[in-house]
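Counting from 1, the numbers follow the sequence of the chain as shown.
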Amino acid sequence: VIAREDDMAVEDKLFYGVKTTDYDQPPGESNEMVQKEDSNICKIAYRRCNAYTSYRNNKVLPTSPALVRNNPIAIISGKADYRLSFDITPTGTVADWGSILHFTTDNNCCNFGQRSPAIWFHQGTTRLYVAIGDSTDGNWRLDTDALPLNVRTKITLECKGKNVKLTVGAKVYTATQPTYRFAGNLVVYAGDPWYPAAKVIISNLRYKILPLAEANAAVTSQSRYMSNLQDEEMNVAEKENMDN
């Protein structure tokens, strides 16, 4: 069903009507109250993004999303091996963690798939906090040095098998990831619901699926099984919404 323009207005009201909290814990922490609120936020985000995708025929990520808090820009079928790249120009800092991009199955942290990946600035700085969760640590991550203000820097995150390479301008950070990454449906936020948006300009945003590395091929069936479960849960939720 193609969403009508008045349906879009309803979805916008539903999404932006959700109450969010200014969380003071670092990205790696959470609590029961936040998790309940996270679930409501992301269920609405799925509905809103589905309507947006149908109405706008938006098959790829927008290349230059404006960063604001609570800004879902797409739903994608994420894969374990991928390359995420974008240009970033920091224009200032925020006192809290500054949300840049967040790919998640549903909540903030730290179950499998909830940071696949997720990127912030550290509090009061332009140091990148790049979470690339895996099956044993949903918040497995890399940290970087500070980026220069008012200067455009090219960021490329490449994850293939257990090899992770983060390129920030001319500097390269590498690491070996302990286990496999999530594959399945992901909501993509340019500014997530849980933290203030970073003061940055984003351009040339790209997400490219890479051929599956041998290290991840062994667990493809498990990831596919989890993805199918997620699809079933979404279908049940959509049916409940229709029944109501």
Query raised in the report: Is there a path from L149 to W97 through hydrophobic residues (I, L, V, M, F, W, Y) whose side chains come within less than 4.5 Å of each other?
Result: no
Query raised in the report: Taking C-beta and beyond as the side chain, do W140 and T179 meet within less than 4.5 Å on heavy atoms?
Result: no
**Report entry** Check: A66 main-chain N/O paired with N71 side-chain donor or acceptor under 3.5 Å
**Finding:** yes
Query raised in the report: Would you say the side chain of P178 lies within less than 4.5 Å of the side chain of D137, judging by non-hydrogen atoms?
Result: no
Query raised in the report: Out of I155, T153, D143, D145, which one pairs with L128 under the side chain to side chain contact (heavy atoms under 4.5 Å, CB included) rule?
Result: I155
**Report entry** Heavy-atom pair of closest approach, residues L142 and A175
**Finding:** CD2-CB, 3.7 Å
Requested in this report: Verify the distance criterion only: is there a donor paired with an acceptor across the side chains of D87 and T89 at less than 3.5 Å?
Outcome: no
Report summary line: OG1 of T174 to CD of E158, rounded to nearest 0.5 Å, is 12.0 Å
Query raised in the report: Between T104 and W194, is any pair of side-chain heavy atoms under 4.5 Å apart?
Result: yes
Query - Intermediate values then yes/no, side chain to side chain contact (heavy atoms under 4.5 Å, CB included), V130 and Y173 - result: CA-CA 11 Å; V130 182; Y173 303 81; over 6 Å; no
**Report entry** Validation row: V200, F121 side chains within 4.5 angstrom (heavy atoms)
**Finding:** yes
Query - Close side-chain approach of L186 to T105, heavy-atom, < 4.5 Å - result: yes
Requested in this report: Supply the atom-to-atom distance N108 CG to H102 NE2, rounded to the nearest 0.5 angstrom.
Outcome: 5.5 Å
Query raised in the report: When you measure from the side chain of N111 to the backbone N and O of Q114, does any donor-acceptor pair fall under 3.5 Å?
Result: no
Report task. Using a 4.5 Å cut-off on heavy atoms from C-beta on, say whether the side chain of T156 contacts that of K154. Result -> yes
Query raised in the report: Are the side chains of Y82 and L157 in touch, meaning some heavy atoms are under 4.5 Å apart?
Result: yes
Query raised in the report: Looking only at heavy atoms, which two atoms of P65 and I202 are closest? And how far apart?
Result: CD-CG2, 4.0 Å
Requested in this report: Search all heavy atoms of T167 against all heavy atoms of G169 and return the closest pair with its distance.
Outcome: CG2-O, 3.5 Å
Query - For the student: nearest non-hydrogen atoms of P90 and V151, plus distance - result: CD-O, 3.5 Å
Requested in this report: Supply the atom-to-atom distance R141 CZ to L166 CG, rounded to the nearest 0.5 angstrom.
Outcome: 13.0 Å
Query raised in the report: Passes side chain to side chain contact (heavy atoms under 4.5 Å, CB included), Y129 versus I100? Steps please.
Result: CA-CA 10 Å; Y129 180 114; I100 300 171; over 6 Å; no
Report summary line: So OG1 of T136 and OH of Y180: to nearest 0.5 Å the spacing works out to 9.0 Å
Query - Which atom of W120 lies closest to which atom of A131, heavy atoms considered - result: CZ3-CB, 4.2 Å
Query raised in the report: Just how far is it from atom CZ of R181 to atom NZ of K162, taken to the nearest 0.5 Å?
Result: 10.5 Å
Query raised in the report: Can you find a heavy atom in the side chain of I201 that is under 4.5 Å from one in the side chain of L67?
Result: no
Query raised in the report: If you take all heavy atoms of N139 and C110, which pair is closest and at what distance?
Result: CB-SG, 3.8 Å
Query raised in the report: Do any N or O atoms from the side chain of R206 and from the backbone of T63 form a donor-acceptor pair under 3.5 angstrom?
Result: no
Query raised in the report: Atom CG in L61, atom CZ in F86: separation rounded to 0.5 Å?
Result: 11.5 Å
Query raised in the report: Under 3.5 Å, is there a donor-acceptor pair between the side chain of Q177 and the main chain of I132?
Result: yes
